[in-house]
S.K.: 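Can you keep this structure in mind? I'll have questions shortly.
Fair warning: this is a prediction, and the values are worked out from it, not measured in the lab. For this chain, numbers begin at 1 and follow the sequence in order.
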Amino acid sequence: MLYVILDSSASYLSVGIADEHQLIDYVCYEAWQNQSEKMIPELENLLKKNNYQPKDISDVIVGIGPGSYTGIRIALTTAKIICLSLKANLYTVSSLQILKEKDNKTICLMDARSGRSYFAVYEGSKCIEVDQIKTNEEVLSFIKDHPDYSIKGELSYLGMPDNVGNTLLEAYSLKDCLHKEDNPLATKPVYMRG
């Protein structure tokens, strides 16, 4: 059983492989506007480097948003192609949830542009505040009111240092509670408008 984990919902490209016990290998780096060109080659490199073949892939975990309109579509389209061609299972996860920090209460954020943020709060697999759009002022107020919560995401738009963490490890940690898509080709990305 080999899992492929994909996310390109923000400016980072994240591609990983895992078995039923652990995350085996991954790449994660800033690749804004280059994700579509790099996702498949990075996956091919990971498979080759770790002595796997595409036919070994049984499951795909993909971040389906919210986030960048194009970025979400890149990862989801790649996941659909893998599932269709290899008859693999597709599991979807919130791109905000995989920003969480293990089992800590985590404020998960992405820039939604125009003075707004994609916002959620997760604690492990538990959702405390559902994925939504808030103004940046509301987000900063929430952060101030919850000083004991971790804050994760590409945060420079809020004047804070980025703190993305390992989204692939977080996605993998959720594998047993993720939604399996009955029809991968019909799976839709999550776009939010505020």
Side-chain angles (χ1 to χ4, degrees), residues 5-16 23 26 28-33 35 39 61-79 90-179 181 187-194:
I5 308 166
L6 306 171
D7 186 61
S8 56
S9 55
S11 66
Y12 280 75
L13 172 71
S14 300
V15 180
L23 184 63
Y26 67 92
C28 182
Y29 56 88
E30 199 279 322
W32 185 246
Q33 297 184 334
Q35 296 156 319
M39 185 167 280
I61 299 171
V62 64
I64 59 166
S68 157
Y69 177 82
T70 303
I72 295 167
R73 291 176 54 182
I74 291 165
L76 183 56
T77 300
T78 303
L90 180 65
Y91 295 87
T92 57
V93 63
S94 161
S95 297
L96 287 171
Q97 186 173 12
I98 61 176
L99 287 169
K100 73 180 182 66
E101 186 175 85
K102 300 186 182 179
D103 292 329
N104 300 332
K105 289 180 181 169
T106 309
I107 301 167
C108 304
L109 299 166
M110 282 188 217
D111 189 358
R113 310 276 189 259
S114 301
R116 300 170 308 147
S117 295
Y118 297 117
F119 166 93
V121 178
Y122 286 95
E123 182 177 15
S125 62
K126 185 171 109 181
C127 180
I128 297 171
E129 294 273 343
V130 298
D131 294 11
Q132 59 191 284
I133 293 179
K134 285 184 175 279
T135 67
N136 292 346
E137 292 78 19
E138 290 171 321
V139 167
L140 292 170
S141 177
F142 189 93
I143 290 169
K144 183 178 176 188
D145 293 342
H146 298 85
D148 55 326
Y149 287 18
S150 299
I151 306 164
K152 298 293 285 287
E154 295 176 31
L155 306 172
S156 58
Y157 75 99
L158 292 172
M160 300 179 204
D162 288 348
N163 185 14
V164 177
N166 190 332
T167 57
L168 298 169
L169 188 58
E170 294 301 334
Y172 176 76
S173 77
L174 296 165
K175 70 179 173 28
D176 294 329
C177 59
L178 294 179
H179 173 72
E181 298 293 334
T187 302
K188 297 193 183 321
V190 174
Y191 300 123
M192 294 185 152
R193 295 186 177 110

S.K.: Got a second to check how far I72's CD1 is from T77's OG1, nearest 0.5 Å?
M.R.: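 So the gap between those two atoms works out to 11.0 Å.
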S.K.: According to side chain to side chain contact (heavy atoms under 4.5 Å, CB included), who are the partners of L178, at least two apart in sequence or on a separate chain?
M.R.: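 For L178, the residues satisfying side chain to side chain contact (heavy atoms under 4.5 Å, CB included) (neighbours in sequence not counted) are I61, Y91, V93, L174.
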S.K.: Working to the nearest 0.5 angstrom, can you tell me the gap between K102 NZ and E170 CD?
M.R.: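 One gets 7.5 Å once the value is rounded to the nearest 0.5 Å.
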S.K.: Under the criterion side-chain contact (heavy atoms from CB on, under 4.5 Å), which of L168, L169, V62 is the partner of I5?
M.R.: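 Going through the options one by one, the only one that passes is L168.
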S.K.: Distance from Q97 atom CD to T106 atom OG1, nearest 0.5 Å?
M.R.: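 It is 10.5 Å, given to the nearest 0.5 Å.
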S.K.: Keeping the roles fixed (side chain from D131, backbone from A120), state whether a donor-acceptor pair exists under 3.5 Å.
M.R.: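 It does not hold such a pair.
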S.K.: Is a donor on one side and an acceptor on the other found under 3.5 Å between the side chain of S8 and the backbone of L13?
M.R.: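 Absent.
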S.K.: State, to 0.1 Å, how close S68 and G71 come at their nearest heavy-atom pair, and which atoms those are.
M.R.: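 Taking every non-hydrogen atom into account, OG-N, 3.0 Å.
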S.K.: Under the criterion side-chain contact (heavy atoms from CB on, under 4.5 Å), I'd like the reasoning laid out for T167 against Y12: C-alpha separation, chi angles, the key distance, then a yes or no.
M.R.: CA-CA 10 Å; T167 57; Y12 280 75; over 6 Å; no
S.K.: State, to 0.1 Å, how close A75 and G63 come at their nearest heavy-atom pair, and which atoms those are.
M.R.: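 Here A75 and G63 meet closest at CB-O, 4.5 Å.
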S.K.: Regarding D7 and S9, do their side chains bring together a donor and an acceptor under 3.5 Å, going by distance alone?
M.R.: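 Checked: D7/S9 side chains pair up, N/O donor to acceptor below 3.5 Å.
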S.K.: Not counting sequence neighbours, which residues clear side chain to side chain donor-acceptor pair (under 3.5 Å) with E138? List them please.
M.R.: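 Per chain and number, E138 pairs via side chain to side chain donor-acceptor pair (under 3.5 Å) with T135.
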S.K.: Is the shortest heavy-atom distance from the side chain of T187 to the side chain of H179 under 4.5 Å?
M.R.: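 A side-chain contact under 4.5 Å is absent here.
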S.K.: Looking at SG of C108 and CD1 of I128, how far apart are the two atoms once the value is rounded to the nearest 0.5 Å?
M.R.: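 Rounded to the nearest 0.5 Å, the SG-CD1 separation comes to 9.5 Å.
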S.K.: Applying side-chain contact (heavy atoms from CB on, under 4.5 Å) between E154 and each of V164, L99, L109, N163, report the one that passes.
M.R.: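 The residue from V164, L99, L109, N163 that satisfies side-chain contact (heavy atoms from CB on, under 4.5 Å) with E154 turns out to be V164.
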S.K.: Provide the full list of ring pair (Phe, Tyr, Trp, His ring centres under 6.0 Å) pairs with a residue in residues 93-130, sequence neighbours left out, each pair given once.
M.R.: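 Every pair satisfying ring pair (Phe, Tyr, Trp, His ring centres under 6.0 Å) with a residue in residues 93-130: F119-F142.
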S.K.: Do the side chain of T78 and the main chain of I74 share a donor and acceptor less than 3.5 angstrom apart?
M.R.: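 At least one qualifying donor-acceptor pair exists.
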S.K.: Check K100 against S173 and note the closest heavy-atom contact, atom names and distance.
M.R.: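 Minimum heavy-atom separation between K100 and S173: NZ-OG, 3.5 Å.
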S.K.: Quick one: do V121 and H146 satisfy side-chain contact (heavy atoms from CB on, under 4.5 Å)? Show the steps, please.
M.R.: CA-CA 11 Å; V121 178; H146 298 85; over 6 Å; no
S.K.: Applying salt bridge (charged side-chain N to carboxylate O under 4.0 Å, His left out), name anything that partners E123, two or more places apart in sequence or on another chain.
M.R.: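 Listed in chain order: K126.
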S.K.: Go through the structure and list residues passing ring-ring contact (aromatic ring centres under 6.0 Å, His included) with Y191, not counting sequence neighbours.
M.R.: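 For Y191, the residues satisfying ring-ring contact (aromatic ring centres under 6.0 Å, His included) (neighbours in sequence not counted) are Y69.
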S.K.: Mind checking the CD-OG spacing from Q35 to S11? Nearest 0.5 Å is all I need.
M.R.: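 Atom-to-atom, Q35:CD and S11:OG are 7.5 Å apart.
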S.K.: If you compare all heavy atoms of G124 against all heavy atoms of D103, which two are closest, and at what distance to 0.1 Å?
M.R.: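 Closest pair (atom of G124, atom of D103, distance): CA-OD1, 3.4 Å.
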S.K.: Check whether any side-chain heavy atom of N166 lies under 4.5 Å from a side-chain heavy atom of L23, and answer yes or no.
M.R.: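 They are in contact (side-chain heavy atoms under 4.5 Å apart), so the answer is yes.
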S.K.: For a quick test of reading the model, state the closest non-hydrogen atom pair linking L6 to A79 and the distance between them.
M.R.: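 Taking every non-hydrogen atom into account, CD1-N, 3.9 Å.
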S.K.: Write down the atom of M110, the atom of A10, and the distance for their closest heavy-atom approach.
M.R.: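 What the structure gives for the nearest pair is SD-CB, 4.2 Å.
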S.K.: Report the residues that fulfil salt bridge (charged side-chain N to carboxylate O under 4.0 Å, His left out) with D111, sequence neighbours left out, ordered by chain and then residue number.
M.R.: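 Result, salt bridge (charged side-chain N to carboxylate O under 4.0 Å, His left out) vs D111: R113.
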S.K.: Just by distance, do the side chain of S94 and the backbone of L96 share a donor-acceptor pair under 3.5 Å?
M.R.: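 The answer is yes, because a donor-acceptor pair under 3.5 Å joins these two groups.
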S.K.: Could you give the distance from NZ (K134) to OG (S117), rounded to the nearest 0.5 Å?
M.R.: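 The distance works out to 10.0 Å.
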S.K.: Does atom OH of Y157 have more than 12 heavy-atom neighbours, drawn from other residues, nucleotides or ligands, at distances under 6.0 Å?
M.R.: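 Buried by this count: over 12 neighbours within 6.0 Å.
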